[in-house]
Amino acid sequence: MGISRRDTLGLALAGTVAAGTARAAPLAASSTADTALVVSTWDFGAAANAAAYAAWKAGGTLIDAVEAGAKVPEADLTNHSVGLGGYPDRDGHVTLDAIIMDDRGHAGAVAGLEGYVHAISVARRVMDRTPHTMLVGEGAAQFAREQGFPSQNLLTPEAEAAWREWLKKAEYKPVANIENQRGTALDHDTIGILARSPDGRLAGACTTSGMAFKLRGRVGDSPQAGCGLLVEPGVGAATATGVGEEVTRIAGAARVVGSMRMGMSAMAACREAVEHIVALRGEAVKDAQVAFLAIDRNGKVGAFSILPGFTYAVTDANGRTRVQPAGSLRRA
């Protein structure tokens with residue numbers, strides 16, 4: 001299941017990735033927006049984009065590409081907001097949420113998954129081999145086990161030490177944009193990755209370990225279709241990052257895609273969703289970070305956040321990758 005590859009790109013990935021950071025030729029903002037084929041959230045998205053391209057160049061589908069991209073931060077021990085090494089809930093359990101979608105109405109998701117590193121691959125298996133769109137908790141783990149995925153303890157010594165330190169005061173205070181301060185993630189985050197083929201087909205994936213030290217059982221926007229991710233044929237795709245509860249309140253990704261369907265650019269649609277959250281929630285989000293990233297069927301990209309500091313990775317039609325800052329509603 002997924003989107004068949006129709007054209008051979010014949011592109012070499014000129015941007016190389018070392019230690020999770022792209023080394024790429026500088027691009028003009030206009031050319032990036034006009035020719036983007038893969039986009040993803042935050043600075044670590046550069047490595048995810050490279051893996052997505054490798055899968056595509058090897059003959060994979062767009063679904064293959066976004067799955068491969070999402071698996072990179074899931075396996076990154078230094079990334080404390082996604083997958084292995086993710087910070088646990090307040091009871092010491094690392095639980096993962098993920099979703100994968102294409103533009104033919106295929107979707108699969110897992111929430112509260114324990115013991116399996118690649119939640120995105122389990123989500124894909126839900127999409128490919130069940131009549132359902134989401135499995136949660138022990139049921140998701142049982143399914144992963146029955147499908148032959150290897151299990152392991154996701155709580156690394158570093159994450160456990162951070163959790164035990166947190167227990168001394170047991171306070172939760174999100175820090176905006178902590179995702180870009182590698183090795184000190186006290187907040188929560190998502191890797192959202194969106195891809196389009198030259199003929200305008202679309203796919204997306206989103207995976208996270210959720211809020212650090214969250215209440216047990218908490219699920220944010222990330223695995224929910226229309227909240228953390230939405231892909232619509234002939235229109236575009238959108239993903240979200242930041243405080244998931246605020247995204248969920250407005251079905252954020254669906255709102256962004258809906259605005260694009262009505263004629264807004266990807267950038268304007270992302271900004272409108274951010275403005276709506278701020279208007280709706282007021283003082284409740286004065287210190288909160290929420291951001292949206294979108295790509296339309298032509299490869300034009302939009303990204304916008306409440307607070308400055310949100311970054312995203314863009315890989316263009318020439319195979320060049322760079323990380324760039326998004327616009328924001330508020331200034332530093």
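- With 3.5 Å as the limit, one finds no donor-acceptor pair spanning the side chains of Thr311 and Asp43.
- Leu194 has its side chain out of reach of Val66: every pair of non-hydrogen atoms, C-beta onward, lies at least 4.5 Å apart.
- Ion pairing between a basic and an acidic side chain is recognised when a charged N comes within 4.0 Å of a carboxylate O; Arg320 and Asp316 show such pairing.
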*When you look at His106 and Ile63, which way does the side chain to side chain contact (heavy atoms under 4.5 Å, CB included) test go after all the steps?*
CA-CA 10 Å; His106 303 135; Ile63 284 290; over 6 Å; no

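- Residues Val290 and Val285 fail the side-chain proximity criterion, which asks for heavy atoms closer than 4.5 Å.
- With a 6.0 Å radius and a threshold of 12 heavy atoms from other residues, nucleotides or ligands, Arg125 has its CZ atom above the threshold.
- Salt bridge status for Asp64 with Arg124: present, with a side-chain N to carboxylate O gap under 4.0 Å.
- For the pair Leu96/Val110, no side-chain contact is recorded, criterion being any heavy-atom separation below 4.5 Å from C-beta on.
- Side chain to side chain, Asn79 and Ser81 meet the donor-acceptor criterion of an N or O pair below 3.5 Å.
- A perpendicular orientation is assigned to the rings of Trp42 and Phe310, their planes being inclined by more than 60° (bins at 30° and 60°).
- For the atom pair Glu272 CD and Ser265 OG, the distance stands at 11.5 Å (nearest 0.5 Å).
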_With side chain to side chain contact (heavy atoms under 4.5 Å, CB included) as the criterion, how do Tyr53 and Leu37 come out once you've worked through the C-alpha distance, each side chain's angles and the decisive distance to 0.1 Å?_
CA-CA 9 Å; Tyr53 255 109; Leu37 295 181; 3.3 Å; yes

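- Thr241 places none of its side-chain heavy atoms less than 4.5 Å from the side chain of Leu293.
- Closest of all the heavy-atom pairs between Gly220 and Thr248 is C-OG1, 4.0 Å.
- Under a hydrophobic-cluster definition in which Ile, Leu, Val, Met, Phe, Trp and Tyr are linked whenever side-chain heavy atoms come within less than 4.5 Å, directly or via other members, Leu84 and Leu155 are assigned to the same cluster.
- Scanning all heavy atoms of the two residues, the minimum distance from Ser259 to Ala269 falls at CB-CB, 3.7 Å.
- Put simply, the side chain of Arg330 gets close to the backbone of Lys286: a donor and an acceptor are under 3.5 Å apart.
- A salt bridge links Arg145 to Glu138: one of the charged nitrogens lies within less than 4.0 Å of a carboxylate oxygen.
- Note on Leu280: it clusters hydrophobically with Leu307, by side-chain heavy-atom contacts below 4.5 Å among ILVMFWY residues.
- Counting only heavy atoms from C-beta outward, the side chains of Thr239 and Ile193 never approach each other to under 4.5 Å.
- The two residues Ala111 and Pro223 come nearest to each other via the heavy atoms CB-CG, 4.2 Å.
- Between Cys227 and Ala251, the shortest heavy-atom distance links the atoms SG-CA, 4.0 Å.
- With hydrogens and angles left out, the side-chain atoms of Ser222 and Thr190 include a donor and acceptor closer than 3.5 Å.
- Not a single donor-acceptor pair under 3.5 Å links the side chain of Arg297 to the backbone N or O of Gly200.
- A side-chain donor-acceptor contact under 3.5 Å links Thr41 to the backbone of Gly192.
- Contact between Pro88 and Gly92 at its shortest, heavy atoms only, is CB-C, 3.5 Å.
- The main-chain N or O of Ser209 is found under 3.5 Å from a side-chain atom of Lys214 such that the two form a donor-acceptor pair.
- Residue Ile295 holds its CD1 atom at 7.0 Å from CG of Leu202, rounded to the nearest 0.5 Å.
- A distance of 9.5 Å separates CZ of Phe149 from OH of Tyr116, quoted to the nearest 0.5 Å.
- For the atom pair Thr156 OG1 and His80 NE2, the distance stands at 6.5 Å (nearest 0.5 Å).
- Val257 and Met267 are members of different hydrophobic clusters when ILVMFWY side chains are connected at heavy-atom separations under 4.5 Å.
- A donor-acceptor contact shorter than 3.5 Å links the side chain of Trp163 to the backbone of Arg90.
- Within the 4.5 Å cutoff, no side-chain heavy atoms of Arg255 are placed close to those of Phe292.
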*Assess whether side chain to side chain contact (heavy atoms under 4.5 Å, CB included) is satisfied between Arg218 and Asp89, documenting all intermediate values.*
CA-CA 9 Å; Arg218 181 264 185 185; Asp89 63 24; over 6 Å; no

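- Using a 4.5 Å heavy-atom cutoff, the side chains of Leu230 and Met101 are in contact.
- Note on Leu329 and Val256: same hydrophobic cluster, where clusters join Ile, Leu, Val, Met, Phe, Trp and Tyr whose side-chain heavy atoms are under 4.5 Å apart, directly or indirectly.
- Separating the CG atom in Leu113 from the CD1 atom in Ile120 is a distance of 11.0 Å, to the nearest 0.5 Å.
- The line from CG of Asp97 to SG of Cys206 is 9.0 Å long, rounded to the nearest 0.5 Å.
- For the pair Ile277 and Ile250, the minimum side-chain heavy-atom distance is below 4.5 Å.
- In summary, of the residues considered (Thr208, Thr133, Val126, Leu229), a side-chain contact (heavy atoms from CB on, under 4.5 Å) with Ile99 occurs for Leu229 alone.
- Under a hydrophobic clustering in which Ile, Leu, Val, Met, Phe, Trp and Tyr are joined whenever their side-chain heavy atoms come within less than 4.5 Å, directly or via other members, Val247 and Val243 fall into the same cluster.
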*Could you please spell out the steps behind the side chain to side chain contact (heavy atoms under 4.5 Å, CB included) verdict for Arg201 and Arg104?*
CA-CA 9 Å; Arg201 300 305 301 271; Arg104 294 178 176 173; 2.7 Å; yes

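- Using a cutoff of 4.0 Å between basic side-chain nitrogens and carboxylate oxygens, Glu245 and Arg249 are not scored as salt-bridged.
- Under the 3.5 Å distance criterion, with hydrogens and angles disregarded, no donor-acceptor pair is assigned to the side chains of Glu67 and His118.
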